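Note sheet for the following structure.
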Amino acid sequence: MSNKYTKAVWTFVVAGATLAALWFGHAATERYYLQQLASQNQGTLGLVASGLQGSLLRYEPLTSLLADKTDVKLLLANPTEQNRVTTVSEQFRSIVQDIDASDIYVMNSSGVTLAASNHEEETSFVGRNFNFRPYFQKAVKGSAARYFALGTTSLKRGYYFASPVLSGASVIGVVVIKIGVEDIENTWRGPSTEIIVADTDGIIFMASRNEWLFKSLEPLSDRAVASIKASKRYPIDKLSELKNQNRSSGITGSPFTSVELAEGRETYLTNSRFMPDAGWTLHVMAPKALATGRTLTAMVVATLALLLIVLIVVYILQRRARLVRDIAAGARAQEQLELSVAERTNDLNLANENLTREVAERRLTEQRLISTQSELVQAGKLAVLGQMSAALSHELNQPLTAIKSYADNARAYLQRNKTEQASQNIEHISEMADRMAELGSHLRNFARKPKQAFDEIRLGDVVEGVKNIIGPRLKSEKAELNLGDFDDQLIVRAGRYRLQQVLLNLINNALDAMSNRENPVVSISSEVRGDEVAICVRDQGPGLDRDVSEQMFDPFFTTKGVNDGLGLGLSISYNIIQDFGGAIAAENHPDGGVVFTVSLKSASPVEEAAE
Ligand code: ADP
């Protein structure tokens, strides 16, 4: 914020200083160029004045020489002699050509022209009287005269030199040389600077601009107008004011003159010089625009130079500021780097300490784990032993219960002498004993996984055995086995008692799942699927939770109470089916309950099943 403020202040200061410098510089530069213009004017003045002086002085002595000529004097003595008139006139004509004058003529003492260089021209002066001209009036009185006027006959401006022709002490005539001024004026015409010559009344009679001729620089007095009229010096109707306005330019002796031109008002820087011999004032006027233009050019150059300097200074300052900023940023970055290095070193040290501590802790934990593990192994061994004995008692309990009930029945039949029924029951008892022996071997199987032979067995034989074993439980729980969709004749490759054990386990689990229901029904169905036979055991229990279905085939996984389940049934079943080269899977039935599907390899029907 403050940086911005300082920048703005600096910008204002620099801009202000630049403007002030340009303002003062402009005034000084303009003054300088005006001064230069004034000295140029002075130079021009000097040249013009000496040029004029030179061309005028050339003719003055010539007039007195002509006035001394014998022919002239003789003519004045005998004015009627025509051949003298012609002779003198011819002489004058040849001199006019030699000296590049306008006219030469001689007048008698009354002002009548006797001979003239233009005697053969239409505008011949011969016979004309010019006694009104002041140069005549002065010369007739005995002194040489000079005069500027517009020719009354030729209507050409000219400068007149007059000398008296003396006969003894008296003046008998006047010789006049008139020279034109246009040639001189032509040398003045330039592209810009104007030159004018004004007489004592301020009337311009020579000028580089034609339209300024006969204009007066000041208002004319009545006396002056009367004298001009009398001498017929200038055409009265052409006289008017130039309406010039003078004001100071700040340069001494060089005022500004502003004049209304056809193309608009123009301001000149004027320098003037009075020529005392002729009574004339010379004015050299240079357009002020020359100085203004040069000033402008100089100012543009100066402004550009100043801008360049300002730009260079700004560039240097910015570079410096950037350098300072870069150095500061570098220092900051260095500081930051050092700080972050220190922080990281600190972090590393901390991490190192933590690691060392953690390693020590881990070592300690490891040692503890090793000792805990050995304790656990010991405890695990005991637990497995406990579970195994519980499982054994569970698995043996059911056939034992069945044997008990068959034995009771056999005794009752024997008491009633129904030996056939009694022997049937004893047969059942024998089967149960076989089954228990089989169970023992299963448990061994579970531990050692022995390879046992399996054969082609009829599903009907398997289910018959299952019904015998599960019958008492069904009876006591008022449960029912639904074998509506069960095909007795299908033959699979398996072990008879082991498949019975699997189905019994599935039926027992189904009955357990429906323990809250009255009259629970376990449906057993079978069907051929390709080269396999699928046996499905379905209940109407609560179904399987996701986490249960994921773990239920694991050994010792059970959701039942300690005395109700060991979690070995499904695990053993799984192993048995695997042994048969089949598969066992469970899924929730869409109408509720669980369906266990046992898939076994199908075989062609045989008379007697193995085992
Ligand atoms: P146990 O019957 O001793 O618990 P199992 O291996 O036979 O061991 O069964 C494991 C678990 O699988 C059971 O505890 C029970 O949670 C679940 N399970 C088995 N069959 C069913 C079923 N028909 N309905 C619901 N859950 C079942």
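One-based numbering, in listed order, for ligands and for the atoms of each. Remember, predicted model here, so these are calculated numbers, not experimental data.
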(request) Would you tell me which option among Asn508, Ile507, Val548 has the nearest heavy-atom contact to atom 17 (C) of ligand 1? (result)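 Of the listed residues, Val548 has the closest heavy atom.
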(message) Could you work out, for atom 15 (C) of ligand 1, the closest of Thr559, Asn505, Asn509 by heavy-atom distance?
(response) Thr559
For ligand 1, which atoms have a heavy atom of [X] less than 4.0 angstrom away?
X      : result
Thr558 : 1 (P), 4 (O), 14 (O)
Val594 : 24 (N)
Ala513 : 22 (C), 24 (N), 25 (C)
Asp539 : 22 (C), 23 (N), 24 (N)

(request) Would you confirm whether Asn508, through its side chain, and Leu504, through its main-chain N or O, come within 3.5 Å as a donor-acceptor pair? (result)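 Answer holds: yes.
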(message) If the threshold is 4.0 Å, N to carboxylate O, is there a salt bridge linking Arg411 and Asp408?
(response)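 Salt bridge: yes.
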(message) Assess whether a salt bridge exists between Glu353 and Arg357, defined as any Lys/Arg side-chain N lying under 4.0 Å from an Asp/Glu carboxylate O.
(response)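 Answer for the salt bridge query: no.
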(message) Measuring from non-hydrogen atoms of Phe596 to any atom of ligand 1, is the shortest distance under 4.0 Å?
(response) yes
(request) Give a yes-or-no answer on whether the side chains of Thr257 and Asn246 include a donor-acceptor pair shorter than 3.5 Å. (result)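 Yes - a donor-acceptor pair under 3.5 Å links their side chains.
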(message) Counting only heavy atoms closer than 4.0 Å, does ligand 1 sit against the backbone of Asp512, its side chain, both, or neither?
(response) neither
(request) Name all residues meeting the ring-ring contact (aromatic ring centres under 6.0 Å, His included) criterion together with Phe580; count only those two or more places apart in sequence or in a different chain, and write none if there are none. (result)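 Applying ring-ring contact (aromatic ring centres under 6.0 Å, His included) to Phe580 gives Phe454.
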(request) Could you note down all residue pairs passing salt bridge (Lys or Arg N to Asp or Glu O under 4.0 Å) where residues 463-482 supplies at least one of them, sequence neighbours left out? (result) Arg473-Glu477, Arg473-Asp512
